[in-house]
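This report concerns only the one structure given below.
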Amino acid sequence: MFSRDNWKEIFETIQKNKLRTFLSGFTVALGILIFVVLFGFGNGLINTFDDFFSDDATNVFMVFTGRTTMPYKGYKANRTIEFDNSDIQDIEKNFPLFLEYISPRIIRQDTVAYKNESNSYSTWAVGPSHQFSQMTIMMKGRYLNVMDIENKTKNAVIGRLVEQDLFGAKNSIGKYIDVGGSSYKVIGVFQDDGGDREERNIFIPYTTQQLIEKNTDKVDAMVIGFKPSIGYAGAMAFEKSLDKFIREKKYINPQDQNGIFIRNVADQLKQNQQFARVLQIIVAFVAFGTIIAGIIGISNIMVFVVKERTKELGIRKALGATPKTVISTILLESVFITTISGFVGMLIGIAILGSMGEKLEDFFITNPYIDLPMAIFATIVLIIFGAIAGYVPARRAANIKPIVALRDE
Amino acid sequence: MIEIKELHKSYKMGANSLHVLKGLNFSIKEGELVAIMGSSGSGKSTLLNILGMLDEADTGDYTLDGVPIKNLNETKAAKYRNKFLGFIFQSFNLINYKSAMENVALPLYYQKVPRKQREEKALKYLTQVGLKEWAEHLPNELSGGQKQRVAIARAMAAEPKVLLADEPTGALDSKTSYEVMDLIQNINDQGNTILVVTHEEDIAQMCKRIVHLKDGVIVEDKKVEQVRAAQYVQ
């Protein structure tokens with residue numbers, strides 16, 4: 001069945017029927033190509049969603065204030081809610097079981113200058129534990145610590161790109177920069193996987209910022225890290241009781257949508273991941289659809305090929321071809337074409353995915369890829385079904401009487 | 001060489017069946033050149049198909065070179081066809097994407113003859129039919145007469161016991177017909193057994209024996225004085 005003579009006969013048939021070979025090969029190659037690319041894009045989509053969150057910790061709530069829209073307990077609507085230092089302490093006191101850390105956050109936009117270089121950056125007035133929530137990585141020096149908060153020091157931790165902008169290649173540690181009119185000593189430089197924007201931030205102690213702002217004790221927002229051990233359900237329960245606690249303390253109507261906002265990163269992450277999974281399932285569904293379309297395509301071509309060759313097969317049978325030879329010739333031919341073109345399509349698809357890289361990041365597709373086993377599996381599935389699709393008409397052709405086949409014009 | 005006894009064949013046409021062959025008896029000896037004649041519907045093609053193992057008789061015995069041809073499955077029939085029979089068709093039935101030589105070599109491929117020997121043999125038979133120069137040409141580059149000669153070379157290539165020709169001159173003009181008949185006579189002169197189905201009287205007269213079929217029975221079986229086709233060919 002696999003003798004050299006047999007293969008020669010098959011190659012000759014393939015060579016001399018180029019259109020037929022091209023059509024069936026093209027269908028298979030295209031099917032696999034589209035499958036690989038679509039499946040890769042699905043993975044790229046997941047990559048993007050993962051990237052969105054991987055640079056920040058996920059066991060974090062952000063609590064923001066807003067304006068009430070409902071009157072409650074004698075307070076009128078349209079009241080601005082503000083947090084202050086006592087809220088931080090109260091939350092620390094009331095939720096020891098859930099809480100890992102809590103940090104205030106006051107964000108200002110300031111002009112920052114060193115010698116002749118100046119630029120506008122976001123200054124984040126925070127506590128030491130803020131480092132965990134952003135997964136800030138220290139390149140040199142140190143982050144803010146408890147002493148900075150207590151002593152209201154004028155120390156600043158600057159981003160990698162801030163140092164690059166203001167200091168060039170020089171070392172910034174120990175130098176003094178001007179932030180919004182006050183002089184700060186650079187004590188550390190950080191980097192962040194969150195991208196350029198986050199590396200253009202400056203961290204200063206929140207107590208210092210409060211002192212500059214007329215010794216206020218107000219806080220814009222709170223960053224709360226909960227213990228990862230409480231799990232997803234624990235986080236949801238924590239979020240609920242935290243919301244209740246703050247509403248009671250600040251006299252906000254429980255139904256009011258606008259008094260305070262809690263952003264649950266874990267919940268968002270979960271929702272987004274679910275969204276990404278659903279998207280990937282849809283993409284995979286479409287991709288498998290193309291495989292099925294490819295199988296149907298190859299089946300159609302095989303039916304057509306066998307139909308077209310009926311007379312030839314009749315002649316061959318009259319000359320002494322047994323049904324087995326007829327079937328194996330047709331099958332080997334079809335398996336040969338599908339295998340070659342299937343793997344060609346697969347390789348082209350993988351090459352396309354490889355060349356994409358970050359080019360499609362604007363369309364939420366990062367580093368699209370397909371696992372090789374998956375790609376090979378799909379290719380083999382197509383080859384097997386291509387063979388089955390070829391076998392059915394081939395058997396029918398092999399079993400018709402040569403006299404009938406010969407009459408076929 | 002060929003022995004036929006009480007051969008019956010009928011076709012089902014919906015509710016009623018059509019009795020095509022009604023108990024045929026005859027035998028053909030080695031080296032004979034037999035014409036089977038009859039108008040259309042007389043059963044001559046059916047007889048040829050049964051003799052060629054392309055179709056099966058309902059009842060009756062058929063012995064070919066001492067081998068009873070009975071209850072054949074497709075695989076066995078294919079092997080017997082390859083070993084015993086060479087076919088020549090009215091419409092030539094060459095494979096159009098294979099060259100003349102490849103067409104001639106095809107029966108040998110199914111006999112598992114090595115490629116080199118196949119090509120040598122194919123070339124030998126093509127030379128015999130006078131088409132050596134045309135070995136590399138595709139069928140559609142050949143004239144009707146040339147195509148039929150390629151088909152004859154192909155039928156000969158497997159060195160069968162019997163050549164079966166179904167209206168071999170049916171698609172040819174009379175001049176080319178005589179050329180083909182001349183070739184068939186020459187092959188017969190070498191001792192090959194040949195059966196020719198035809199409805200043309202002059203073609204039948206070029207054989208050595210004429211079997212006349214009418215409505216599924218043999219009405220006449222006579223030896224004739226062979227007319228040599230060579231005299232019509234320049």
Side-chain angles (χ1 to χ4, degrees), chain A residues 1-24 304-330 332-333 337 394-409, chain B residues 11 45-46 48-56 72-99 101-119 138-139 151 154-158 160 164 166:
Chain A
M1 180 176 178
F2 288 102
S3 73
R4 199 165 138 258
D5 228 26
N6 246 335
W7 282 113
K8 229 165 185 173
E9 176 74 19
I10 288 163
F11 284 139
E12 269 169 22
T13 314
I14 287 174
Q15 259 172 21
K16 287 175 183 169
N17 296 279
K18 288 201 178 73
L19 180 65
R20 190 167 82 200
T21 309
F22 172 77
L23 279 181
S24 38
F304 166 73
V305 162
V306 169
K307 183 91 194 135
E308 185 206 44
R309 293 179 74 176
T310 304
K311 185 160 186 183
E312 180 201 327
L313 298 173
I315 297 170
R316 283 172 182 270
K317 287 189 84 178
L319 296 180
T322 58
K324 215 177 95 187
T325 345
V326 170
I327 291 174
S328 76
T329 312
I330 292 180
L332 279 181
E333 193 187 310
I337 295 173
R395 202 191 49 186
R396 202 183 306 146
N399 282 339
I400 51 174
K401 301 205 167 201
I403 186 70
V404 177
L406 282 174
R407 248 182 252 138
D408 184 81
E409 289 294 340
Chain B
Y11 289 109
S45 285
T46 307
L48 193 78
N49 291 338
I50 291 169
L51 292 177
M53 291 177 246
L54 299 171
D55 209 344
E56 253 186 294
L72 296 180
N73 60 26
E74 281 277 355
T75 311
K76 204 147 194 191
K79 287 200 171 127
Y80 281 2
R81 274 199 293 274
N82 188 262
K83 200 168 133 196
F84 291 130
L85 302 169
F87 289 92
I88 299 161
F89 301 96
Q90 181 178 0
S91 52
F92 324 127
N93 282 336
L94 300 174
I95 292 175
N96 53 24
Y97 63 83
K98 284 181 176 288
S99 71
M101 188 170 71
E102 287 166 335
N103 265 290
V104 175
L106 200 59
L108 300 168
Y109 168 75
Y110 290 115
Q111 283 183 353
K112 311 230 181 312
V113 175
R115 170 167 286 262
K116 210 154 178 181
Q117 268 174 265
R118 268 196 333 248
E119 283 173 1
L138 292 176
R154 181 177 66 183
M156 302 272 296
L164 297 176
D166 186 8

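Because only heavy atoms are used, hydrogens play no part in the values below, and waters and symmetry mates are left out as well, while side chains stay in. Here is how names work: the chains are called A, B, and so on, in the same order as the sequence lines, proteins then strands, and each is numbered from 1.
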Practice task
Just do the side chain to side chain contact (heavy atoms under 4.5 Å, CB included) check on A/Val326 and B/Glu74 with the steps written out, would you?
Solution key: CA-CA 11 Å; A/Val326 170; B/Glu74 281 277 355; over 6 Å; no

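Using a 4.5 Å cut-off between heavy atoms, B/Phe87 contacts chain A through its side chain alone, with no backbone atom that close. Only the side chain of B/Phe89 comes within contact range of chain A, with at least one heavy atom under 4.5 Å from a heavy atom of that chain. Contact annotation for B/Leu94: only backbone heavy atoms (N, CA, C, O) come within less than 4.5 Å of a heavy atom of chain A. No part of B/Gln111 comes within reach of chain A, as not one of its non-hydrogen atoms sits under 4.5 angstrom from that chain. Looking at A/Lys324, there are no atoms closer than 4.5 Å to chain B (heavy atoms on both sides), in backbone or side chain.
Here the closest non-hydrogen pair linking A/Leu319 and B/Leu106 is CD1-CD2, 3.8 Å.
Interatomic distance, A/Arg316 CZ to B/Tyr109 OH, rounded to the nearest 0.5 Å: 7.0 Å. With rounding to the nearest 0.5 Å, the separation of CG in B/Asn96 from CD in A/Glu312 is 7.5 Å. Here the straight-line distance linking atom OG1 of A/Thr322 with atom OH of B/Tyr110 works out to 8.5 Å at 0.5 Å rounding.
Of the listed residues (B/Lys76, B/Lys98, B/Lys112, B/Lys79), the one with the most heavy-atom contacts under 4.5 Å to chain A is B/Lys98. Ranking B/Ala77, B/Pro107, B/Gly86 against chain A, the residue ahead of the rest is B/Pro107, based on heavy-atom pairs under 4.5 Å.
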